[in-house]
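In what follows, a structure is listed as structure tokens, so that the remarks can point back to it.
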Protein chains: 2
Amino acid sequence: MYEMTRETLTRDRILRGALAVADTGGLAALTIRSLATELGVKPMAVYHYVANKDEILDGLVDQVFSEIDLPSPEGEWREEISRRMVSARAALRRHPWAIALMESRRTPGPASLSRHEATLATLRQGGFSVVAAAHAYALIDSYVYGFAVQETSLPIGRPEEMGEVAREIMETFEGAYPYMTEIATEHVMQPGYDFGDEFEIGRELVLDALEVLRRRGG
Amino acid sequence: MYEMTRETLTRDRILRGALAVADTGGLAALTIRSLATELGVKPMAVYHYVANKDEILDGLVDQVFSEIDLPSPEGEWREEISRRMVSARAALRRHPWAIALMESRRTPGPASLSRHEATLATLRQGGFSVVAAAHAYALIDSYVYGFAVQETSLPIGRPEEMGEVAREIMETFEGAYPYMTEIATEHVMQPGYDFGDEFEIGRELVLDALEVLRRRGG
DNA sequence: ACCTGAACACCGTTCAAGT
DNA sequence: ACCTGAACACCGTTCAAGT
């Protein structure tokens, strides 16, 4: 009879377990009980490492932030910020529950703070004034978060289903929505369409807007 | 002994009650039981007008969309879209729980559909090609939703507290975050600072970007 | 030190019943 | 037709206990 050396519980193992549960079943599936099952432990064991569920949720948000590439202040600002935007969007797509969580979390974790600092450093080194950097920061995050909101609330990620939904809407409402019908037939339902491709287009426009801010100094 | 003519329950009264509860206490405070109390009724009465809580949440999202001014396709596109952005941001600020809800709702309600249609109509009438309108739409909503995410996750809306939090962060981490310190002292903690003011700056930049899209046709 | 069982005050929801 | 009470299977969390 050999020993099952189940490694001891840690705060980190709890957070990684919570991330796995949320990724698999969504935020609603993440309960202390389901998390305990995932960890192979009884529910109450969790409370020896975190004060309550809120602390787990705060930790989850910071985990997601930690997956986002930091821009390098030494690099060319446009390139660095662009990379950061791509990386942030990818992280939010991997963890579609994260946006809903961010709304309720008010205490930024270490990964969130590092990200703020690195981004500001990159902008300032890139020639943005303090005020321009503030404007730029708000615009960058608005775009990235907002795109994530749209992407996660799309009718089930896959493009094919997108077309299906568009077709259904068209059929149900017939001529009631001519412009939606137009964009559906001429754009959304065309082969190769993928809403995700919009990200690059908007990103370039946002980067152009940042350059305007940089030049005019605020 | 006079009669309390408590008007009969309706789906609409339920949704308005739910909106009131969510606005007052947040999404977590909205339970079938708390809603019933708000309506002066027993929990189970609610189930005669809605199938389940999910239907209430779907209804709430559409209520919020219904508060957003529709752009007029007859007006000048930039003016109309600008007004719509301002109105959308105001609605999302009145109902800070709405963004978190949008992420999980996949069936657009009537107000949401009307809004899509009116916006597309305005863009198309304003000279945007079908493809340019699609790009424009994604950019507009990304900016508005993303700004709302940031605004609602700010350390308690009020600017004064904003400064307080910034000061705390500075004191706690001392020299660890020089660029955050810089922006805090030189910008955020200055009298008159209000993160909400960033909205207009980003909005103008987004509108400029839309004009680029319109001109180049996609 | 690390984990557990039983219990409490909550949820959403079903079902059978009251007027 | 419109509302209710009791009950069920869930929650997060406390507290006292086990090894």
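Keep in mind that what you see is a predicted model, and the values were worked out from it rather than measured. Just the heavy atoms: all of them, side chains too, but no hydrogens, waters or symmetry mates, feed the values below. Per chain, numbering begins at 1; letters A, B, ... match sequence-line order.
- DNA chain C is contacted by both B:T31 and A:V46; A:V46 maps to the nucleotide lying nearer its 5′ end (nearest heavy atom per residue).
- Comparing C:dT13, D:dT4, C:dT4 by their closest approach to the side chain of B:K53 singles out C:dT13.
- The separation between A:I32 atom CD1 and C:dC8 atom C1' is 17 Å, rounded to whole Å.
- In this structure, C:dG12 forms a base pair with D:dC8, meeting either the Watson-Crick or the G-U wobble geometry with both donor-acceptor distances under 3.5 Å.
- Counting to the nearest Å, the C1' atom of D:dA7 and the NZ atom of B:K42 are 16 Å from each other.
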Applying ring pair (Phe, Tyr, Trp, His ring centres under 6.0 Å) to A:Y137 and A:H116, what does each step give before you reach the verdict? CA-CA 9 Å; A:Y137 205 114; A:H116 270 81; 5.1 Å; yes
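- When the C1' atom of C:dT4 is taken as reference, atom CG of A:L39 falls 15 Å away, rounded to whole Å.
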Is there a salt bridge (Lys or Arg N to Asp or Glu O under 4.0 Å) between A:R106 and A:D58? Walk through the geometry before answering. CA-CA 9 Å; A:R106 298 206 147 80; A:D58 280 333; over 6 Å; no
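- With rounding to the nearest 0.5 angstrom, the CD1 atom of B:I140 is 10.5 Å from the OH atom of B:Y145.
- For A:Y47 and C:dG5, the OH to P distance is 16 Å, given to the nearest whole Å.
- Both distances falling under 3.5 Å, in either a Watson-Crick or a G-U wobble arrangement, place C:dT19 opposite D:dA1.
- The NE2 atom of A:H48 sits 15 Å away from the P atom of D:dG18 (whole-angstrom rounding).
- When the C1' atom of D:dC11 is taken as reference, atom CZ of A:R33 falls 6 Å away, rounded to whole Å.
- When rounded to the nearest whole Å, the span between OH of B:Y49 and P of C:dG12 equals 19 Å.
- Here A:R11 pairs with A:E55 in a salt bridge; the nearest charged N to carboxylate O distance falls below 4.0 Å.
- Rounding to whole angstrom units, CE of residue B:M44 and P of C:dT13 are separated by 9 Å.
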